[in-house]
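Working notes for the structure below.
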2 protein chains.
Amino acid sequence: MTSSPVYLRVFEEIKEKINCSELKPGDILPPESALCKQYGASRATVRNGLALLFNEGYIYSIPGKGNFVQSPQSNKYTVYYDEMSNMISSVDDTKLLEVDIISPEEYLANLLQMSKSKNVILIRRLFFNDGEPIAYDVKYLPYVKGMPIVEKEIEQATLPEMLSKDISPFAIKRHIRIQAQIPNEEMKKQLRIKEHLALLVVEQKLFDNDNKPIGYGITYFNGDYIKLEGRSQ
Amino acid sequence: MTSSPVYLRVFEEIKEKINCSELKPGDILPPESALCKQYGASRATVRNGLALLFNEGYIYSIPGKGNFVQSPQSNKYTVYYDEMSNMISSVDDTKLLEVDIISPEEYLANLLQMSKSKNVILIRRLFFNDGEPIAYDVKYLPYVKGMPIVEKEIEQATLPEMLSKDISPFAIKRHIRIQAQIPNEEMKKQLRIKEHLALLVVEQKLFDNDNKPIGYGITYFNGDYIKLEGRSQ
DNA sequence: CAGTGGTCTAGACCACAGC
DNA sequence: CTGTGGTCTAGACCACTGC
């Protein structure tokens, strides 16, 4: 016999009613007072169950009116991405092509929302799997005085990791942009591509809590070596 | 003057301590009883604030031990994808190339985890933007007796929408897989591609609550017309 | 054993919806 | 005005941890 907590029963039974369309998007739930009677529970317990429904996107509430069934977002996915490990083959070796401090050109200064008079750290790398080059990677970090640039640490680091010494990882907001491109001659050479092949290009942009850009990266994956996956919830 | 609820202050002040590394991953929080004293609040109020921290991935708890700071997942992104609307250009017109009921071949029966003796609905479409073909789209749905196939409704529907009449959208689990490919001759013809160009290929797989596949779709986007975006949180 | 978080109760007062 | 959800209190008992 399973005797789960009351608040879990509230959660699961209402969830089931929504799943089987007994309750439809926009419908109002019974008032919390009614649910208290129905489950013979206190209001705190009922609200505990409703909180779970809210967290999983099943309901929302309007103060003074009631709790309502949410319209499902059937276009929302959770994707796990980091340039070092992906679906088909993870990176088992890297090669530092270049580490430099440069003056940003117009487009880069714009991208990082910084003055052109400040400096930027440039990092270019190649990623390998089983001896094959599978990705070409470029990063730009606004240079901050005293920023520790240790080549050994840069070699294997993801973009968030490169910044984790200056800023708590919790305080970093991240964007990615995914697209498909044809390699240019430089890419073909670096990635040793002979035939026609597509690249999966992933841009990363990192921001601090004030939405100031603190890093930009672009990774060009040989299309044969990467698939990104996502799931609902 | 802002006088936010006590539980929000608990949430924000602890979040800030984590963001500025005063509390590091693995660190233990003060016991709830101590937080009650610190904020002059009841345990329910403190736990309300801790629940928010938990929901946003800042902390986890071990019964009998305490609440701990979570290691941040700096590789998790939320992506909004649906085959009809994407970053660069949305679909403003569609063309139904084929709607058919077919016997699945080996690979398809496997993909949909169904018997080869059952039937599958096949839907092939072209998506247009401003008169240009931007995507080629194929869907497979296991045929269920009495399934309503109304061409007018199929034309503009996303994969989840096609199934929403049989199953509540809440009860559908979704997977996507994203990759880059070179178009074959058929694709080039359909999408009127002349030069070299990359395709962004997005597979969708839908499951019911018992993890039984209920639909598969694959969409080949002209790489010039699509960018997918994701953000942390 | 004492201390922790997990669950739960039976109240309370508030701001806000709608009549 | 009554009814709703939002916030909050001051308790309680439990299972679990670590000593």
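Naming: A, B, ... by sequence-line order, numbering from 1 per chain. Atoms considered below: every heavy atom in the structure, side chains included; atoms not considered: hydrogens, waters and symmetry mates.
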**OP:** With heavy atoms under 4.0 Å as the rule, sort A:G49 into base, sugar-phosphate or nothing.
**Re:** nothing

**OP:** For B:F207, look at atom CZ and say whether over 12 heavy atoms of other residues, nucleotides or ligands are found less than 6.0 Å away.
**Re:** yes

Subject >> Atom NZ of A:K17: over 12 foreign heavy atoms under 6.0 Å >> reply: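 12 or below, so no.
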
Original post:
With no hydrogens and no angle check, is any side-chain donor or acceptor of A:R9 less than 3.5 Å from a backbone partner on A:G49?
Top reply: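 No, A:R9 side chain to A:G49 backbone: no donor-acceptor pair under 3.5 Å.
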
Below the 4.0 Å mark, does [N] have OP1 or OP2 next to a side-chain nitrogen or oxygen of [X]?
X	N	result
A:N67	D:dG5	yes
A:S42	C:dG11	no
A:S33	D:dG3	no

Kindly point out which of [options] is positioned nearest to the side chain of [X]?
X	options	value
A:R43	D:dG5, C:dT9, C:dT4	D:dG5
A:P63	C:dT9, D:dT9, D:dG6	D:dG6
A:T45	C:dT9, D:dT9, D:dT7	C:dT9
A:S61	C:dT7, D:dG5, C:dC8	D:dG5

Original post:
If every non-hydrogen atom of B:I226 is compared with every non-hydrogen atom of B:I88, which pair is closest and at what distance?
Top reply: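 Between these two residues, the closest heavy atoms are N-CD1, 3.8 Å.
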
Original post:
Which atom pair, heavy atoms only, marks the closest approach of A:R125 to A:E155?
Top reply: NH1-O, 3.1 Å

[X] [atom1] - [N] [atom2] separation (whole Å):
X	N	atom1	atom2	value
A:F68	D:dG5	CZ	P	8 Å
A:L50	D:dG6	CG	C1'	13 Å
A:R47	D:dC8	CZ	C1'	11 Å
B:N48	C:dG6	CG	P	14 Å
A:Y39	C:dC8	OH	P	13 Å
A:Y60	D:dT4	OH	P	17 Å
B:Y7	D:dT9	OH	P	13 Å

Subject >> Mate of D:dT2 where both pairing distances stay under 3.5 Å, Watson-Crick or G-U >> reply: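 WC or wobble partner does not exist here.
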
**OP:** Report the base-pairing partner of C:dG6 (Watson-Crick or G-U wobble, both distances below 3.5 angstrom), or none.
**Re:** D:dC13

Subject >> A:E32 vs B:L8, nearer the 5' end of DNA chain D by closest nucleotide >> reply: A:E32

**OP:** Nearest-nucleotide wise, let me know which of A:V46 and A:K65 is further upstream toward the 5' end of DNA chain C.
**Re:**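 Its nucleotide being nearer the 5' end, the pick is A:V46.
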
**OP:** Identify, between A:P5 and B:P31, the residue whose nearest nucleotide on DNA chain C lies closer to the 5' end.
**Re:**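 Going by which nucleotide is closer to the 5' end, it is B:P31.
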
